[in-house]
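Given the structure is predicted, the values throughout are model-derived calculations rather than measurements.
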Amino acid sequence: MVLERWLEELDVPRDERPGDVPAKARRVRHELRDRSVVFLLENVTTTRQVRDLLTDQPYGVVLMTGQEAPHDLTTFLEFLPLPVPALRDEHALELLVKVSRTTEDPAKLEPIVRHLGGLPLALRLIAGHLKAPVPGVIEDVGARLADRAARQELLDVDDPNPLPEALELAYGRMAVRTAQLYRRLGLLMCEDFQLDTVFALVSDWEPSEARTALSALISGGLVERRGLDTYRMHILVHDHASIVAERDETESEREAVRRRIVHHFLRITERGEQTLSTRWLYSPMNAFPADTAADERRQTEALRELARREAGIFAAVRLAAEAGLHLEAWRLSQAIRTFCLRTGRDTQWIEAAEIGLASALETGDTMAVARASYEVGFAHLERWNVEEGDSRLAREHFEQALSLVNPGVPGRSEGERRTESSVLEGLGLLERKLKRPGHAIDLFSRAQAALEGIDHPRGEALLALHLGSTYTALERHDAAEGELLRAVEEFEGLPDGPDRFNMAKARLRLAENRRACGRLREAVEALDLAVDGMTGVGSAYYAAQALLLRGDVRVQLGEREAAVEDWTSARALFAEEGSIHEGEAQHRLEREGGEEE
């Protein structure tokens with residue numbers, strides 16, 4: 001017992017030591033009177049553990065450790081909470097190198113550090129695996145940490161305080177509702193989430209119950225607040241939450257929670273898509289929401305909200321497919337298109353679109369398969385990575401989609417004709433990227449013909465945009481100017497309201513055409529409008545592209561300082577979006593000697 005040990009250290013004769021706890025505490029306080037003392041109390045969970053150990057003299061300092069401060073601690077003790085966050089990457093790397101005593105280049109350990117998220121206990125456990133001198137051990141450990149099951153095996157070692165055991169202890173102390181929320185967060189398939197997601201996970205609870213349970217997880221250090229209405233569960237904690245969800249929830253309970261998660265993100269994503277774009281979407285049984293809004297303020301808000309939730313959205317696509325919710329999976333993959341286009345999330349888009357295509361095949365809906373094939377093709381077209389074979393994959397998926405809509409057969413549905421036009425448009429863009437603008441013109445003309453008799457002003461405006469850019473490639477600059485100005489006008493006059501994103505995109509292409517024929521000052525004027533337009537709708541990725549080009553044109557005009565300013569802004573926006581084009585802006589700055597210190 002702690003009090004008995006303290007009396008021993010204070011040299012109190014054994015026969016003078018009281019027998020009951022309150023009397024022992026009084027004797028300790030008596031011995032410590034007028035003496036400075038520091039108390040170190042570890043793993044405190046209740047005030048009852050602390051109350052009898054403290055002196056009533058003003059000369060003591062108490063250091064307590066624990067997952068959270070007892071709620072009634074303030075009733076008898078003034079204290080300052082000192083939360084201990086996870087280690088930053090550079091400090092975690094330093095700890096891993098020291099504990100493992102590895103002689104390898106520390107840079108090789110950086111992927112391991114990122115997987116462990118700065119937890120000292122996890123770093124110490126993994127350090128033991130790195131002490132083996134066998135070449136390739138670091139790479140093996142890194143690969144295993146990327147897989148949840150293998151990651152748990154690595155951390156569940158013969159240790160007096162392994163991480164899974166520590167998390168199991170914390171889980172066992174949770175209140176019923178807190179433990180239930182903990183398990184349901186483990187079913188999310190991602191570590192970041194928002195409060196509305198918590199409410200969706202426990203939709204049968206009162207909101208106050210959900211907030212109380214979340215607060216308990218935050219107080220216990222199992223969930224971290226990352227910003228306004230955004231929270232994160234550490235990846236290793238999330239692993240444990242997933243394990244106990246599989247162990248302690250019934251299959252029917254897990255299935256119900258997964259369905260709630262998928263439907264929650266489906267509502268968010270489809271509403272966001274329809275706010276961002278008025279494009280036609282295949283909607284069996286009118287499943288897609290009918291309301292539409294496209295003003296600049298709401299588009300900016302929609303992009304911001306989708307960006308905050310993107311981890312959950314992409315995880316929901318995978319979860320829907322794995323849970324057999326195939327209709328929801330391909331609807332989700334269809335509804336992320338505009339967000340991915342505007343933010344340059346090409347690789348994530350491809351992964352989600354491929355899952356959507358597999359789910360569309362499971363539904364047996366031919367039109368769904370055609371639309372999903374088209375989406376996969378367009379995602380590859382946007383990424384355009386030669387090493388990944390994107391041009392070949394884009395063509396294969398476009399041709400598959402085209403074969404499913406019966407081109408040239410009379411009596412086809414409007415959906416089939418719209419899809420044919422979209423696929424021909426995609427093939428035209430593919431040919432243009434392959435430096436075959438003549439073939440592209442023919443495909444765009446066929447895409448226009450497929451829409452004959454269909455009221456589709458947005459499609460006509462898009463084709464005018466593509467034709468204008470293709471005429472630029474053919475050096476038919478007057479024809480390009482006419483088509484691009486027509487595209488701006490038609491996007492502005494759409495029945496559902498102006499499409500300001502594509503207006504700005506048309507102005508970006510207009511600037512490219514004017515630059516190509518030497519009209520540099522007019523190109524800058526178009527780029528001014530393009531930058532303002534992209535910024536107005538919250539599209540940082542395309543705003544950065546416009547800034548990059550404006551810097552290039554300004555250099556040609558001899559306006560070096562203004563060019564450096566544009567490239568610096570472009571670099572910052574590309575970095576914000578995680579785009580590889582950040583390097584292009586950096587290269588320009590280094591070339592002109594305008595890189596900031």
Should we say atom CD of Glu565 is surrounded by more than 12 heavy atoms from elsewhere, each under 6.0 Å from it?
-> no

Short side-chain to backbone donor-acceptor contact, Thr230 and Arg226, under 3.5 Å | no

Using a strict cut-off of less than 4.0 Å between a Lys/Arg side-chain nitrogen and an Asp/Glu carboxylate oxygen, indicate whether Glu375 and Arg279 qualify as a salt bridge.
-> yes

Are the side chain of Asp365 and the backbone of Ala368 linked by a donor-acceptor contact shorter than 3.5 Å?
-> yes

Would Arg588 and Asp552 pass as an ion pair if we require N to O under 4.0 Å?
-> yes

When rounded to the nearest 0.5 Å, the distance separating CZ of Arg318 from CG of Leu332 is 12.0 Å

Relative to the ring of Tyr231, is the ring of Phe193 parallel (under 30°), tilted (30 to 60°) or perpendicular (over 60°)?
-> parallel

Backbone N/O of Gly468 and side chain of Thr472: donor-acceptor pair under 3.5 Å | yes

Salt bridge Glu577-Arg345, side-chain N to carboxylate O under 4.0 Å = yes

Glu483/Arg486 salt bridge by N-O under 4.0 Å criterion | yes

Any Lys/Arg nitrogen of Asp229 or Arg308 sitting under 4.0 Å from an Asp/Glu carboxylate oxygen of the other?
-> yes

Enter the distance from Leu463:CG to Ser421:OG here, rounded to the nearest 0.5 Å.
-> 5.5 Å

Option from Arg417, Arg412, Arg418 for which side chain to side chain donor-acceptor pair (under 3.5 Å) with Glu414 holds = Arg418

Sidechain N-carboxylate O distance under 4.0 Å for Arg395, Glu431 | yes

Give a yes or no on whether the backbone of Asp390 and the side-chain of Asn385 come within a donor-acceptor separation of less than 3.5 Å.
-> no

Salt-bridge criterion met for Glu249 and Arg254 (N-O under 4.0 Å) | no

Applying ring pair (Phe, Tyr, Trp, His ring centres under 6.0 Å) between His581 and each of Phe574, Trp567, Tyr542, report the one that passes.
-> Phe574

From Met367 CE over to Ser283 OG, what is the distance, rounded to the nearest 0.5 angstrom?
-> 12.5 Å

Flag, side chain of Arg571 to backbone of Glu582, donor-acceptor distance under 3.5 Å = no

Between Leu465 and Ala506, the two heavy atoms sitting closest are CD1-CA, 3.5 Å

Should the pair Asp532-Arg500 be classified as a salt bridge under the 4.0 Å nitrogen-to-oxygen rule?
-> no

Mark yes or no for whether Ser333, through its side chain, and Trp330, through its backbone, hold a donor-acceptor pair below 3.5 Å.
-> yes

To the nearest 0.5 angstrom, please state how far the CG atom of Asp196 sits from the NE2 atom of His264.
-> 4.0 Å

Are Arg514 and Glu481 ion-paired here, with the side-chain N under 4.0 Å from a carboxylate O?
-> yes

Indicate the ring-plane relationship of Phe339 and Phe314, choosing parallel, tilted or perpendicular according to the 30° and 60° boundaries.
-> tilted

Test side chain to side chain donor-acceptor pair (under 3.5 Å) applied to Gln274 and Glu270, step by step | CA-CA 6 Å; Gln274 204 159 34; Glu270 289 188 335; over 6 Å; no

Return yes when atom CD of Glu251 has more than 12 non-hydrogen atoms of other residues, nucleotides or ligands closer than 6.0 Å, and no otherwise.
-> yes

Between Arg383 and Glu351, does at least one N-O distance fall below 4.0 Å, as a salt bridge requires?
-> no

Keeping the roles fixed (side chain from Asp499, backbone from Asn502), state whether a donor-acceptor pair exists under 3.5 Å.
-> yes

Do His238 side-chain atoms and His234 backbone N/O form a donor-acceptor pair below 3.5 Å?
-> no

Taking only Lys NZ, Arg NE, NH1 and NH2, and the carboxylate oxygens of Asp or Glu, determine whether Arg550 and Asp528 approach each other closer than 4.0 Å.
-> yes

So, for Ala546 and Leu508, which heavy atoms are closest and what is the spacing to 0.1 Å?
-> CA-CD1, 3.8 Å

Steps toward side chain to side chain contact (heavy atoms under 4.5 Å, CB included) verdict (His456, Arg458) | CA-CA 6 Å; His456 190 21; Arg458 185 176 183 278; 4.3 Å; yes

Neighbour count >12 (heavy atoms, 6.0 Å) for atom CD, Glu489 = no

Do Leu341 and Tyr541 pass the side chain to side chain contact (heavy atoms under 4.5 Å, CB included) test, and can you show the C-alpha distance, the side-chain angles, and the key distance before you say yes or no?
-> CA-CA 9 Å; Leu341 269 173; Tyr541 177 75; over 6 Å; no

Lys433 side chain to Leu381 backbone, donor-acceptor under 3.5 Å | yes

His439, NE2 atom: more than 12 neighbouring heavy atoms under 6.0 Å = no

Heavy-atom donor-acceptor pair, Arg432 side chain to His466 backbone, under 3.5 Å | yes

